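Input: a single structure, listed below in structure tokens.
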There are 2 protein chains.
Amino acid sequence: MLAPAFSKETDTLLAQARTLCDRRGVQLTELRRKVLGLVLEGDKPTGAYDLLDRLRVHHKGAAPPTVYRALDFLLEQGLIHKVERLSAFVGCIHQSEDEDHHHAAQFLICQRCGQVTELEDPRVDRALVEAARELGFRPAGSTVEMEGTCAACAAAPASAPAPG
Amino acid sequence: MLAPAFSKETDTLLAQARTLCDRRGVQLTELRRKVLGLVLEGDKPTGAYDLLDRLRVHHKGAAPPTVYRALDFLLEQGLIHKVERLSAFVGCIHQSEDEDHHHAAQFLICQRCGQVTELEDPRVDRALVEAARELGFRPAGSTVEMEGTCAACAAAPASAPAPG
DNA sequence: GACATGACGTTACTACATAACATAACGCCA
DNA sequence: TGGCGTTATGTTATGTAGTAACGTCATGTC
């Protein structure tokens with residue numbers, strides 16, 4: 001079970017994640033760290049079974065529950081997000097030690113190039129929380145996703161979607 | 001292939017849907033009408049395979065594509081919505097002939113009783129569209145869902161979630 | 001040393017969704 | 001009126017996503 005090699009950027013994020021988990025008293029185990037690394041390495045949202053395939057390279061005998069448990073942990077800790085429309089996972093770009101584990105994020109999904117952009121727009125969250133509150137609804141978590149065409153693809157000729 | 005019996009409320013909505021499709025020049029076939037009826041009858045979001053089971057009662061030989069094609073049509077026409085977090089479908093309560101086929105809706109999902117409430121809050125949509133516009137993103141469709149506890153369940157004792 | 005806890009292994013299964021090709025009904029129009 | 005395109009549906013098979021249930025192993029603790 002060798003350690004996979006991650007990019008420098010990923011290693012930095014992994015180090016941050018380690019610090020965060022230590023402070024919270026939760027275990028960023030080797031397995032969970034690997035899965036987080038795989039999610040972070042992808043420049044696009046990655047499906048659980050795709051992660052599983054990659055995980056198996058260095059982690060023999062990995063099965064669906066192996067990946068899903070790790071993903072559940074990472075979601076709980078707010079280290080990754082799930083993009084519901086894609087049934088896929090992305091690393092969270094807004095890691096912050098002091099924040100709630102699950103901060104409210106929004107995603108813009110480009111139908112042309114597949115690129116996903118994470119937003120953290122307070123106006124959107126505020127509007128949603130307010131609308132819920134008016135109905136006496138107590139929010140626990142939200143999914144906000146918008147599909148469409150990103151700026152790069154809108155500018156590119158029809159035959160050439162902006163690359164990943 | 002007998003016609004299933006729907007409630008009076010559902011029949012009313014089906015009649016509206018019929019009118020709307022006629023005006024648009026699209027075909028609300030018997031099959032599509034049945035599936036729409038089944039979705040509308042449910043007081044909670046219904047999964048595709050649940051719909052399939054019910055469809056089979058009156059529609060021998062129905063298979064997954066039978067249901068999914070009908071659902072795709074109904075989604076296109078804005079007659080139903082998909083709740084991504086539940087992989088399930090609900091009837092749209094905001095049918096309007098003049099509107100876009102896909103209007104921006106939001107959903108509040110109660111984790112206790114499973115009830116789903118559709119909102120159509122202009123503030124939420126406006127905030128999201130604005131945030132996207134600032135990044136040069138051209139919106140095509142959005143998913144906005146919030147999970148939590150509905151007013152009824154929040155008021156009810158812990159052991160007795162408010163009924164469906 | 002018995003026992004609780006948390007992480008992970010392993011097997012099997014359930015649920016969700018689509019590909020690919022066949023068939024049938026309809027309108028069109030040459 | 002026969003051929004053709006279009007749209008809806010039938011049919012078979014397969015791909016993808018997610019979970020249940022139970023076993024094992026390490027660690028801590030009383």
Side-chain angles (χ1 to χ4, degrees), chain A residues 1 3 17-18 21-22 24-36 38-39 42 44-56 58-77 79-90 114 143, chain B residues 1 3 17-18 21-22 24-36 38-39 42 44-56 58-77 79-90 114 143 145 147:
Chain A
M1 191 147 101
R18 159 71 24 102
C21 287
D22 286 350
R24 286 181 185 162
V26 296
Q27 305 179 47
L28 184 63
T29 63
E30 193 49 33
L31 175 61
R32 290 165 175 173
R33 189 174 170 280
K34 277 188 202 170
V35 173
L36 177 55
L38 290 171
V39 173
K44 295 183 185 169
T46 313
Y49 279 68
D50 193 344
L51 292 170
L52 178 55
D53 287 342
R54 300 182 200 203
L55 184 61
R56 281 183 171 141
H58 288 108
H59 190 101
K60 248 175 61 175
T66 313
V67 165
Y68 279 104
R69 283 174 191 147
L71 291 172
D72 284 345
F73 171 85
L74 298 169
L75 285 167
E76 269 173 29
Q77 299 304 320
L79 295 168
I80 63 172
H81 293 288
K82 180 174 182 186
V83 182
E84 296 285 348
R85 283 213 175 191
L86 306 176
S87 294
F89 303 85
V90 288
T143 293
Chain B
M1 191 149 104
R18 159 85 48 201
C21 288
D22 286 350
R24 286 182 186 160
V26 296
Q27 303 179 48
L28 183 64
T29 63
E30 192 49 31
L31 174 61
R32 291 165 174 173
R33 188 174 171 279
K34 276 188 203 170
V35 173
L36 177 55
L38 291 171
V39 173
K44 296 186 185 168
T46 313
Y49 278 67
D50 193 344
L51 292 170
L52 178 55
D53 287 342
R54 299 182 200 202
L55 184 61
R56 280 181 171 144
H58 288 109
H59 191 100
K60 250 175 59 174
T66 314
V67 164
Y68 278 104
R69 283 173 189 147
L71 290 172
D72 284 346
F73 170 85
L74 298 170
L75 285 168
E76 269 173 30
Q77 299 304 319
L79 296 169
I80 63 172
H81 293 288
K82 181 176 181 185
V83 182
E84 297 285 347
R85 284 212 174 192
L86 306 178
S87 294
F89 303 85
V90 288
T143 293
E145 300 172 7
E147 268 185 277

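In what follows, chains are A, B, ... by sequence order, proteins preceding strands, each numbered from 1. Fair warning: this is a prediction, and the values are worked out from it, not measured in the lab.
Judged by distance alone, the side chain of A/Arg32 and the main-chain N or O of A/Leu74 form no donor-acceptor pair under 3.5 Å.
With sequence neighbours excluded, the residues forming a side-chain contact (heavy atoms from CB on, under 4.5 Å) with A/Asp53 are A/Arg56, listed by chain and number. Here A/Arg69 pairs with A/Pro65 under the side-chain contact (heavy atoms from CB on, under 4.5 Å) rule; sequence neighbours left out. For A/Thr66, the side-chain contact (heavy atoms from CB on, under 4.5 Å) test picks out A/Leu31, A/Leu55, A/His59, A/Ala62, A/Ala63, with sequence neighbours left out.
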Using a cutoff of under 3.5 Å, can you pull out all pairs of nitrogen or oxygen atoms linking the protein to nucleotides 17-22 of chain C, with atom names and distances?
residue : atom : partner : partner atom : Å
C/dA17  : OP1  : B/Lys82 : NZ           : 2.5
C/dA17  : OP2  : B/Tyr68 : OH           : 3.0
C/dA17  : O5'  : B/Tyr68 : OH           : 3.4
C/dA17  : N7   : B/Tyr49 : OH           : 2.5
C/dA17  : N6   : B/Tyr49 : OH           : 3.1
C/dA20  : N6   : B/Arg69 : NH2          : 3.3

Between N or O atoms, less than 3.5 Å apart, protein on one side and nucleotides 4-7 of chain C on the other: list the pairs.
residue : atom : partner : partner atom : Å
C/dA7   : OP1  : A/Arg32 : NH1          : 3.2
C/dA7   : O5'  : A/Arg32 : NH2          : 3.4

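Rounded to whole Å, atom P of C/dT14 lies 13 Å from atom CG of B/Asp53. Residue B/Glu30 contributes atom CD, which lies 17 Å from atom C1' of D/dG10 at whole-angstrom precision. Taking atom NE2 on A/His58 and atom C1' on C/dC8, their separation rounds to 20 Å, with Å as the unit. In this structure, CZ of A/Arg33 is placed 14 Å from P of C/dC8, rounded to the nearest angstrom. Atom NZ of B/Lys34 is separated from atom C1' of D/dG10 by 14 Å (rounded to the nearest Å).
At least one side-chain heavy atom of A/Val26 sits less than 4.5 Å from a side-chain heavy atom of A/Phe73.
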Return all side-chain donor-acceptor pairs below 3.5 angstrom for residues 79-86 of chain B, not counting sequence neighbours, or 'none' if the list is empty.
residue : atom : partner  : partner atom : Å
B/His81 : NE2  : B/His103 : NE2          : 3.1
B/His81 : NE2  : B/Glu118 : OE2          : 3.3
B/Arg85 : NE   : A/Thr143 : OG1          : 2.5
B/Arg85 : NH1  : B/Glu147 : OE1          : 2.5
B/Arg85 : NH2  : A/Ser142 : O            : 3.1
B/Arg85 : NH2  : A/Thr143 : OG1          : 2.9

